[in-house]
Q: 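Below you will find the structure I want to go over with you.
Within every chain, numbering begins at 1; the chains are lettered A, B, ... in the order of the sequence lines, protein sequences first and strands thereafter.
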There are 2 protein chains.
Amino acid sequence: MHSVRATPGEGPLFAQVQALIIQRMVDGIWTPGERLPSEFALAEEFNVSQGTVRKAFDALVHENLLIRHQGRGTFIAAHSAKRELYRFFHLVSKDGVTPPPQTSRLISFERRKCSAEESRRLKISKSAHVVNIQRVRSMNKAPVIIENIVVPDALITGLGEDNEIPNELYQLYEQSYGVTIHKAIEHLHARATTRSEACHLSLIEGAPLLEIDRLAFTLDGTPVEWRVSRCDTSAHSYLSELF
Amino acid sequence: MHSVRATPGEGPLFAQVQALIIQRMVDGIWTPGERLPSEFALAEEFNVSQGTVRKAFDALVHENLLIRHQGRGTFIAAHSAKRELYRFFHLVSKDGVTPPPQTSRLISFERRKCSAEESRRLKISKSAHVVNIQRVRSMNKAPVIIENIVVPDALITGLGEDNEIPNELYQLYEQSYGVTIHKAIEHLHARATTRSEACHLSLIEGAPLLEIDRLAFTLDGTPVEWRVSRCDTSAHSYLSELF
DNA sequence: TCCTAATATTCTTATATAAGAGTTATATGA
DNA sequence: TCATATAACTCTTATATAAGAATATTAGGA
């Protein structure tokens, strides 16, 4: 009963089904929060067995792209504040309880032409414009993080200084601009606090800061956010679990 | 055809099969590198279907506990140098190519009574003895990491200063002492270089260092190694991929 | 004794069916 | 109109069988 495929491809059938589902997500046919047709319905559409669709679904769940609910259905994963923090925020307090950043204070917001480095990192044209947000995030009422965020202007057209900018930006990108962050790569370094950072974080110039240099990508592999966070780790730590 | 279980338990059959397999690993019945009975053989032994064993195997593969080879069989995962570095060593060079630490120079090696903090971290008796290794690890011929490693003496009895201590300790623990590291939890901080560290790492006292505070566990959840590494991140970074 | 072909083993992919468990929708009666 | 019971939908678990692909073993011939 091997199927005729919508897009001829190679590899096992379950991988082709997987690719087709991802393609519909990338094309915006299925959007975050939307419920998918049932396994049986898709099996019929793709002319494969229900078990084959099951295997494709399982793989996509594992990649945080789908969420399954027994009795309800299968949904395109959407960012919620809680889920965003769990996946993309690894700073924890010493006592092991992770309070989400409670507040963030905007330092600056500007739209401008990108720099050469921003062009390179975000793979945009040298003449493209970006939105540049700088903010301080506090935990337990103390400033802990100062971060610089750069996003191509074309992706979040309309976001202005007047908008309330939430702590959890990925939910905002997704809900208001249809940009869904799927994965991020972070490089961590120990750096010395600059005078400006010292001022914002109530630290002594030269004190050690943990720098998190992050590139965030959408599902099709496009880098859409470059974020550099500098964190005071005297009362917090960056948690990494290795398996 | 639901089975009678070797150890009565709750939950789905595949989870019980999984638990049984893990128990045999913890008990040392199956050891790293060993090939397991086939899916069909275990299905017969546990009186479940081959698909149920398949599902348990798949979960264990996902947890890095088993390795499958088409046509050859299923094996208890074993540490190799390469695999150990990939899982438990996230320091990468700026150019993105990860050279493994080429050399490590032993600074000190001692067997002694544990400190209160070591007792707490490693969950051992206050009167227990530990092996304490301090070493400098170099990458591209430059010292990059100074680390302090503490392991309960009872687990690696016989390891002495005279032994050649390899870069990849987990392979040594596993092959020579039957101690298999399954998972590690790391907390990262930015710290200032002490005078002693500065000397070993060719840095200026006070320069920022990335501190990796790691607790490593065996399969049954026992902490067996406390390792604190302080890394010079001027030419390297700690890589973290978030999904 | 060595090489090659055949056979056996085992994982991987794929199909099919069915019951359990959770959720949602619909119908019926008050 | 609202509440409750029933039916339908959908995921989850479990069974079964078979062919494809990769690897290992064995047998036979040179």
Q: Go through the structure and list residues passing side chain to side chain contact (heavy atoms under 4.5 Å, CB included) with Gln175(A), not counting sequence neighbours.
A: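 Counting only residues at least two positions away or on another chain, Gln175(A) forms a side chain to side chain contact (heavy atoms under 4.5 Å, CB included) with Gln171(A).
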Q: So if I define the base as every atom that isn't primed, P, OP1 or OP2, how would nucleotides 6-12 of chain C read as a B/S/- string at a heavy-atom cutoff under 4.0 Å?
A: ---BBBB
Q: Check the distance between dT15(C)'s P and Phe46(A)'s CZ and give it to me in whole angstrom.
A: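 Taking atom P of dT15(C) as the reference, CZ of Phe46(A) is at 13 Å.
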Q: Just to verify, what does Glu186(B) make a salt bridge (Lys or Arg N to Asp or Glu O under 4.0 Å) with, not counting sequence neighbours?
A: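 For Glu186(B) the salt bridge (Lys or Arg N to Asp or Glu O under 4.0 Å) partners, ignoring immediate neighbours, are Arg214(B).
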Q: List in chain and number order the residues that pass ring-ring contact (aromatic ring centres under 6.0 Å, His included) with His189(B), two or more places apart in sequence or in another chain; answer none if no residue qualifies.
A: none
Q: What pairs meet the side-chain hydrogen bond (donor to acceptor under 3.5 Å, both in side chains) rule with one or both residues in residues 72-84 of chain A, with sequence neighbours excluded?
A: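 Qualifying pairs: Arg68(A)-Thr74(A).
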Q: What residues, two or more places apart in sequence or in another chain, satisfy side chain to side chain contact (heavy atoms under 4.5 Å, CB included) together with Tyr86(A)?
A: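 For Tyr86(A), no residue satisfies side chain to side chain contact (heavy atoms under 4.5 Å, CB included) once neighbours in sequence are set aside.
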Q: The criterion is salt bridge (Lys or Arg N to Asp or Glu O under 4.0 Å); which residues satisfy it with Glu164(A), sequence neighbours excluded?
A: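 Glu164(A) satisfies salt bridge (Lys or Arg N to Asp or Glu O under 4.0 Å) with no other residue.
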Q: Identify, with sequence neighbours excluded, every residue that meets ring-ring contact (aromatic ring centres under 6.0 Å, His included) alongside His90(A).
A: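 With neighbours one apart ignored, the set is Tyr238(A).
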Q: In whole angstrom, give the distance that lies between atom CD of Glu44(B) and atom P of dT15(D).
A: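 Taking atom P of dT15(D) as the reference, CD of Glu44(B) is at 14 Å.
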Q: Checking the side chain of Asp220(A) only, and the main-chain atoms of Val26(A) only, is there a donor and an acceptor separated by less than 3.5 Å?
A: no
Q: If the condition is salt bridge (Lys or Arg N to Asp or Glu O under 4.0 Å), which residues does Glu174(A) pass it with, not counting sequence neighbours?
A: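 Per chain and number, Glu174(A) pairs via salt bridge (Lys or Arg N to Asp or Glu O under 4.0 Å) with no residue.
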Q: Just the rounded figure in Å: distance from P of dG22(C) to CZ of Phe75(A).
A: 17 Å
Q: Send over the distance from Leu66(A) CG to dT12(D) P, rounded to a whole Å.
A: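 Atom CG in Leu66(A) sits about 11 Å away from atom P in dT12(D).
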Q: Could you list the protein-to-nucleotides 5-7 of chain D atom pairs, N/O on both sides, closer than 3.5 Å?
A:
none

Q: Measure CG/Leu13(A) against P/dA21(D) and give the value in whole Å, please.
A: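 It is 12 Å, rounded to the nearest whole Å.
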Q: Going by the rule side chain to side chain contact (heavy atoms under 4.5 Å, CB included), which residues pair with Arg105(B) if we only count those two or more places apart in sequence or in a different chain?
A: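 Applying side chain to side chain contact (heavy atoms under 4.5 Å, CB included) to Arg105(B) gives Ile107(B), Val136(B), His200(B).
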Q: So if I take the C1' atoms of five pairs at each end of the helix from dT1(C)-dA30(D) to dA30(C)-dT1(D) and get each local axis, what angle do the two axes make, rounded to 10 degrees?
A: 10°
Q: How many whole angstroms separate atom CG of Asn47(B) from atom C1' of dA16(D)?
A: 14 Å
Q: Between the side chains of Asn148(A) and Trp226(A), is a donor N or O closer than 3.5 angstrom to an acceptor N or O?
A: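 No, because no side-chain N or O of Asn148(A) sits under 3.5 Å from a partner of the opposite role on Trp226(A).
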